[in-house]
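Below: the structure, in structure tokens.
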There are 2 protein chains.
Amino acid sequence: MADYPSEQEAVNNYDSSQYITPDGYTSDIAVFTITAEEYIKNPKVSTSKELKIMLIKRAAVDAAGRPNIEGGKWALPGGFIDGRTKETALEAAARELEEETGISGIFLKHFGVYDEFGRDKRGWIIANAHYAIVPEQALSKRKAADDAVEVQLFSIDEVFSLNLAFDHRKIIKDAISFIERDLIETKVAKNFLPEEFTLSELQSVLLTVSNNPRITTKSVFFAKVPKLAFIEKVYDEDGNPKKTERNSYRPSQLYRFNDVEVIKSIYE
Amino acid sequence: MADYPSEQEAVNNYDSSQYITPDGYTSDIAVFTITAEEYIKNPKVSTSKELKIMLIKRAAVDAAGRPNIEGGKWALPGGFIDGRTKETALEAAARELEEETGISGIFLKHFGVYDEFGRDKRGWIIANAHYAIVPEQALSKRKAADDAVEVQLFSIDEVFSLNLAFDHRKIIKDAISFIERDLIETKVAKNFLPEEFTLSELQSVLLTVSNNPRITTKSVFFAKVPKLAFIEKVYDEDGNPKKTERNSYRPSQLYRFNDVEVIKSIYE
DNA sequence: CGAATAGTGTCTTTGAGACACTATTTG
DNA sequence: CAAATAGTGTCTCAAAGACACTATTCG
């Protein structure tokens, strides 16, 4: 390697001041949950679930009492990443989410970068957008943080009638597209469910985003899902099928996702 | 809105110096093409196509004659984004790609952000990774740019035996996963093909990344594809089926992708 | 006619989807 | 037994997949 410069020499030759670098680097999170409506809409369909997104209302003034940018508007939780913490955007999102909800190990996925000049009046601010999936119970522990004065869940229908901060309307729209697509094209439904779930529970999650007959038709769904390679039946210590009675009097079989990868060709 | 601060007041209250901001913001591009091997491997299979990625060899010294970081290694084309240009990472990638290949309107998709601290010795450098699809002919026009001394196409098999710069091994690995998945789960195969293509041409593109029997089996593929909602038969001005003889003596029917969206459930 | 690519026909097995039926438990 | 959820059985039609057959053109 004698032909090549020493690493240190090369590093010293980089002068970051030759470029204008970003004025800020942020991490935003679209937090989704599925809420169960407990009332009975139809004698044959007892519970109906709905996909919701969590937003915060930005405070009018910041902690120091100065006017807050985009104050009073609804926004995605998130914030600036400080180079001193040496965090990645994903790590920062995970930490912020944990601070906000009090739970760790939440599913989090990066889905886009928003770096258009002018998207934030304060300068050239790069936003990393993520979506998170949180079980409903966990959100009851939520608490207001930092400059958030109010936290609320909105259905997909109502969220776009709100007064949204920055370019969050576009980010939220994208987040919803991603989660709706991922729920049926990938195994993320897993994150809305317990480790071990029944076929009805899986079906009710999928029904929040799809009306595909292979999901809505009971005989088809119940016949097909146990045969899928990425889903397996759960057995107890004695090797007997493991069942639960949490949803009904009659015990129902438990299933779980395994590690088999899925790729679904559009040409089949 | 009298309760909320004026926008200008709020903007003035933001002090970017309270955070350590990134030292650099870059755009990298994994350029893919499919090359046709002209030789005949098997009397029954006349042409075989292969997916390849384009890399550049980083110069040992920069334009000013100083040692170049990661000089001599193979890397993804790309470069720093300067805030003065007010470009997004995607726009910068498109421009760089056009400068590199001399062609415009290339398909380009963002697939990831690499912002781990320590991934670049020069500081906290954020990389936006994209993949691009370029028809083979276009790459013949390629020319070395900037600090690139050499440009070369590598097959997926051979690329990982190279000495790769920065964390480009991981980025390339991710790019390959994305393009292989997207080729069969989305309509991106479109970008490797002419506007109007034959079933055999589509099949040979898909065969570079899949051995799914519904793609490899001729009777199934030829029967199925013309019935797909997102693909349509092409007709000429007189309303007759439009055919080409570019691949054979016998004319073959032309098809094109239309704007129908595809979502393929893993539960069906 | 042979070579080369582009398809089509046919047959068997599997799966989709509709819908009515059975099973398990509690009160 | 009624209510509530969890499944299964059956029937029809459509699609998957294997593989052999036909079609078009050139030289």
Side-chain angles (χ1 to χ4, degrees), chain A residues 36-49 196-207 210-229 231 233-234 240-255 264-268, chain B residues 36-49 196-207 210-229 231 233-234 240-255 264-268:
Chain A
E37 309 278 344
E38 285 305 324
Y39 67 93
I40 295 171
K41 294 172 79 164
N42 174 317
K44 290 187 179 167
V45 182
S46 56
T47 55
S48 136
K49 294 188 176 179
E196 302 178 347
F197 54 87
T198 68
L199 296 182
S200 314
E201 287 167 349
L202 173 59
Q203 188 183 32
S204 69
V205 167
L206 300 177
L207 287 175
S210 173
N211 50 14
N212 181 322
R214 298 191 197 173
I215 291 172
T216 58
T217 310
K218 198 169 156 186
S219 67
V220 174
F221 189 80
F222 276 60
K224 181 83 187 199
V225 174
K227 286 191 265 178
L228 295 172
I231 286 182
K233 217 165 159 172
V234 182
N240 299 316
K242 193 169 170 191
K243 307 202 171 196
T244 180
E245 292 171 43
R246 64 182 174 232
N247 302 310
S248 67
Y249 296 133
R250 173 175 175 176
S252 60
Q253 178 62 49
L254 289 169
Y255 292 85
K264 203 60 190 181
S265 165
I266 60 170
Y267 300 99
E268 61 185 58
Chain B
E37 310 276 343
E38 285 306 323
Y39 68 92
I40 295 170
K41 294 172 81 164
N42 172 320
K44 289 187 180 169
V45 181
S46 56
T47 56
S48 136
K49 294 188 178 179
E196 302 178 348
F197 54 86
T198 67
L199 297 182
S200 314
E201 286 166 351
L202 173 59
Q203 188 183 30
S204 69
V205 167
L206 300 178
L207 287 175
S210 173
N211 48 15
N212 181 322
R214 299 192 198 172
I215 291 171
T216 58
T217 311
K218 199 169 157 186
S219 68
V220 174
F221 189 81
F222 276 60
K224 182 82 187 197
V225 173
K227 284 191 268 179
L228 295 172
I231 286 182
K233 214 164 161 173
V234 182
N240 299 314
K242 192 170 169 191
K243 307 204 169 194
T244 179
E245 292 170 44
R246 63 183 174 232
N247 301 310
S248 66
Y249 296 132
R250 174 175 173 176
S252 60
Q253 179 63 49
L254 289 168
Y255 293 84
K264 204 61 189 182
S265 165
I266 60 170
Y267 301 98
E268 60 185 58

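Note that these values count all heavy atoms, side chains included, but never hydrogens, waters or copies made by symmetry. In what follows, every chain begins at residue 1, and chains take the letters A, B, ... in the order their sequences are listed.
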Evaluate the side-chain proximity of A/K224 to A/T217: yes if any heavy-atom separation is below 4.5 Å, no if none is.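 Result no, sub-4.5 Å side-chain heavy-atom pair not found.
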Side chains of A/S252 and A/T244: does their closest heavy-atom pair fall under 4.5 Å? yes
Heavy-atom closest pair, residues A/K243 and A/P251: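 Smallest heavy-atom distance, with atoms named: CB-CB, 3.9 Å.
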When you match B/S248 and A/N212 each to their closest nucleotide on DNA chain C, which lands nearer the 5' end? B/S248
First encountered from the 5' end of DNA chain C, between A/K218 and A/K227: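 Upstream on the strand: A/K227.
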Starting at [atom1] of [X] and ending at [atom2] of [N], how long is that distance when rounded to a whole Å?
| X | N | atom1 | atom2 | value |
| --- | --- | --- | --- | --- |
| A/E201 | D/dG7 | CD | C1' | 15 Å |
| A/K243 | D/dT5 | NZ | P | 18 Å |
| A/N247 | C/dT24 | CG | P | 18 Å |
| B/R246 | C/dA6 | CZ | C1' | 14 Å |
| A/F221 | D/dT5 | CZ | P | 17 Å |
| A/E245 | C/dT26 | CD | P | 6 Å |
| B/Y255 | C/dA6 | OH | P | 12 Å |
| A/Y267 | D/dA15 | OH | P | 19 Å |

Picking from [options], which would you name as closest to the side chain of [X]?
| X | options | answer |
| --- | --- | --- |
| A/F222 | C/dT26, D/dT8, C/dG7 | D/dT8 |
| A/Q253 | D/dG17, D/dG7, C/dT25 | D/dG7 |
| A/S200 | C/dT24, D/dA6, C/dA6 | D/dA6 |
| B/R214 | C/dA6, D/dA16, C/dT25 | D/dA16 |

Expected output: side-chain B/Q253 to main-chain B/T198 donor-acceptor under 3.5 Å: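 Side chain of B/Q253 to backbone of B/T198, a donor-acceptor pair under 3.5 Å: no, none is there.
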Check for a donor-acceptor pair, side chain of A/S210 on one end and backbone N or O of A/L206 on the other, with a separation under 3.5 Å. no
Report yes if a donor N or O on one partner sits less than 3.5 Å from an acceptor N or O on the other, where the partners are the side chain of B/R250 and the base of D/dA23; otherwise report no.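 Side chain to base: pair present.
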Any side-chain N or O of A/S252 less than 4.0 Å from the OP1 or OP2 oxygen of D/dG7? yes
At under 4.0 Å between heavy atoms, what does A/K224 touch on the DNA or RNA strands: base, sugar-phosphate, or nothing?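 Answer is sugar-phosphate: A/K224 comes under 4.0 Å of backbone atoms only.
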B/S219 near the nucleic acid: base, sugar-phosphate alone, or nothing, with a heavy-atom cut-off under 4.0 Å?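 Base, at least one base heavy atom under 4.0 Å.
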